[in-house]
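Data block below; observations after.
The chains referred to below are lettered A, B, ... by the order of the sequence lines, with proteins before strands, and numbering in each begins at 1.
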Protein chains: 2
Amino acid sequence: MRDFSDDTSALALNTATLGHNLDGYGAGWSVEQVIDACSMHGFAGIVFWRREIGARAVEIGDRVRAAGMDVTGLCRTPFLVGTEAPETWHDETLASIDIAAGLGTSVLTVVTGGTEPGTKGILETQKRLADRLARVTDHARKCGVRLALEPLNPMFGGNRTCLMTVRDALNVCEMVDHDALGVAVDVYHCWWDSALHEACAEAGPRILGYHLCDWLENTSDMLLDRGMMGDGVADLKAIRRGVEAAGYTGHCEVEIFSRDRWWKENPDAVLATIVDRYKRLC
Amino acid sequence: MRDFSDDTSALALNTATLGHNLDGYGAGWSVEQVIDACSMHGFAGIVFWRREIGARAVEIGDRVRAAGMDVTGLCRTPFLVGTEAPETWHDETLASIDIAAGLGTSVLTVVTGGTEPGTKGILETQKRLADRLARVTDHARKCGVRLALEPLNPMFGGNRTCLMTVRDALNVCEMVDHDALGVAVDVYHCWWDSALHEACAEAGPRILGYHLCDWLENTSDMLLDRGMMGDGVADLKAIRRGVEAAGYTGHCEVEIFSRDRWWKENPDAVLATIVDRYKRLC
C-alpha cells in the first residue's frame, strides 16, 4: 500500500468538493483559480464537471498540465437509462467523450440513471444500460477515453442508478465486454459493502478511479451531506488497501458534496484540510 | 410460489404503516381499533411496536387471537451496538423478549444500531453485535422467541445498522451459531441487492420474516417516505419468489413508514388499499 504520509503525488481534487457540480454553491472560483490553488497546495490532478468546461477543453487541459498536474477525469455522461435519461443521451455521451479527450484525460465517469420506465428492479435496466454503452464504447476507445461505471449507494436506486455495488458494475462490464469500460470505486457509495474487497480483486485493472470522502455517522441529506475524510465511519485505509491490492496505482480523487459545511468554507481552507487529512488518514 | 390473488391468509399489518412507531403520527387508533379493523379487512396477523404494548402483552395477544389472527411479530429490541445503543441494552432486550413471549409471538425484530464508537466500517461492530446477541439468545430460546436480524438499506449505515444485506445478517448468525437467531427480509432494505436470491437460499429456515412495501423512484426522506406496494420500483414478485424458494411460508408483513402520504390517510382506507395491492401485485 502506498505511503501518503508525506506524499501528495496521487492526490486529486474533484471540483464538486468546492460546489462546482451544481449552480449557486461554493465560492464561485473560476477554473483558473482552482488550477492555481490546487497546484499551490500540492495536488497532482483535478477532476472537472462538464458544466465548467464549455468549449474550453483543450485550453483548460493544457493549463492544468502547465501547472504541473494532470486532468484526472471528467464528470460525467448524461444518465443513460431511467426516467431522467435525456432523449439525446447518445449524442451527449459522444460529446462528453470528446470533451474528456480535449481535456487530455483518459477517464469519463458514468452515473447510469435509475430504473427504466415500465420495468421493476435493476436487472432489466442493467441490460438496457449494457446495450447503450455498447453504442459508445468504440468512440471512447478511438478517443483514448475509458468509461468508469460508478456504482452508487443503494439509496440512489430508483432515480439515479442501476448499479449499487462494484459487483453490479462488473456485471455490466462483462455484458458489454469492451476494453473502454471499467469501474470507479467511491468510498461514499461502497464503504458499507462487505463484498467490496472481493469485487475489487475481480475488477483488477478495470478499476479506473478511486474517490475519497467519508460517510458521516448521522447523514442529514441524501445527496449533499458527504463528510471530509476522518469525520465519518468509513474505514478509509482498509478500502484503499483493497483497491490497491487489486493493482490500482492511480489518483485518489477527493469528492465531497457538502452544501452546509465544506461548500461554505473558503476553498483555500478546504484544500488545506484535504491535504492534511489525506496524509494522516487516507 | 403462493397465490395471493384471492387469499389474505398470509397478510399481516405492521402498525408502523399507521404511524404507530413514532409519536404524533397517524390517526391515533387504539390497539383495539387496529385489531378490529385488521380482522374486518381479512388480515391474518399484526406486528406491534413495543411502545403500543406497555404491560398489556398477554391481554393484547389474547385479543388478537380472539379476533382470529396471530401476533406475527414484535418491533423491536433496543439498538445493541453503536453510539445510540442504551447502556441498558441487555435488560431492555431481555424485557423485549418477555413482551414478545407475552404477546404469544415467536419473532422479535432486531435493528442493530450503527458503527461502534472508536471503530470504523462495520466488521468490528458486527463482532461486538455477535457477542451481545450471544448474551440474550438462551433467554430467547427459553421464551420460545426468535430474534430476526433485519438488514437495513446501506443508507442507514453509521447510526442505525451494521447489517446492510441478508448476507451480512447471516454472517452474524454464523458467528453466534444459535437456533434463536434468524433474519428478516424487508423489500425496502433489500430490493436493490443483486445477491439477494443467493443469500435467501443460504438463509433457508433462518428467514423469520418478510416485510412488504415499495421503494419509490424519487424517495424524498431517508426514513419516512416508503411506498405502498406497486407505487415504486421494487420487483415484488421476484423478491417473494426468492424468499419462498428458500422455504419461507410465513406471513408477509406490510410495513410502510410514510409521514406525508399514508400516515395522513384514514386507516380504513390504508388497510383496504393494502389488501387490494397485496392480492394484485405482491
Q | Residue A:E84 versus chain B: region with a heavy atom under 4.5 Å | A |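 Side chain only.
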
**Q.** Under 4.5 Å from a heavy atom of chain B, the part of A:N218 involved
**A.**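 For A:N218, backbone and side chain are both near chain B.
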
(Q) Are more than 12 heavy atoms, taken from residues, nucleotides or ligands other than B:E198, located less than 6.0 Å from that residue's CD atom? (A)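 No.
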
Please classify the contact of [X] with chain A as side chain, backbone, both or neither, using a heavy-atom distance under 4.5 Å.
X      : answer
B:D168 : side chain
B:T161 : neither
B:W191 : side chain

Q | Euclidean distance, B:L236 CG relative to A:K120 NZ, rounded to 0.5 Å | A |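 Between A:K120 NZ and B:L236 CG, I get 6.5 Å after rounding to 0.5 Å.
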
Q) So how far is it from B:N159 CG to A:L216 CG, rounded to the nearest 0.5 Å? A)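 Going from CG on B:N159 over to CG on A:L216, the span is 10.5 Å.
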
Most contacts with chain A, counted as non-hydrogen pairs under 4.5 angstrom, among [options]:
options                       : value
B:T119, B:D235, B:L123        : B:D235
B:G158, B:P154, B:G157, B:G82 : B:P154
B:G232, B:G121, B:A195        : B:G121

**Q.** Taking every non-hydrogen atom, the tightest pair across B:D221 and A:M222
**A.**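 Where B:D221 meets A:M222 most closely, the heavy atoms are C-SD, 4.4 Å.
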
(Q) Please give me the minimum heavy-atom distance between B:S194 and A:Q126, naming the atom from each residue. (A)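 Looks like OG-NE2, 4.4 Å.
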
Q: Please answer whether the main-chain N or O of A:M164 pairs with a side-chain N or O of B:W192 as donor and acceptor at a distance below 3.5 Å.
A: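 No: the side chain of B:W192 does not pair with the backbone of A:M164.
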
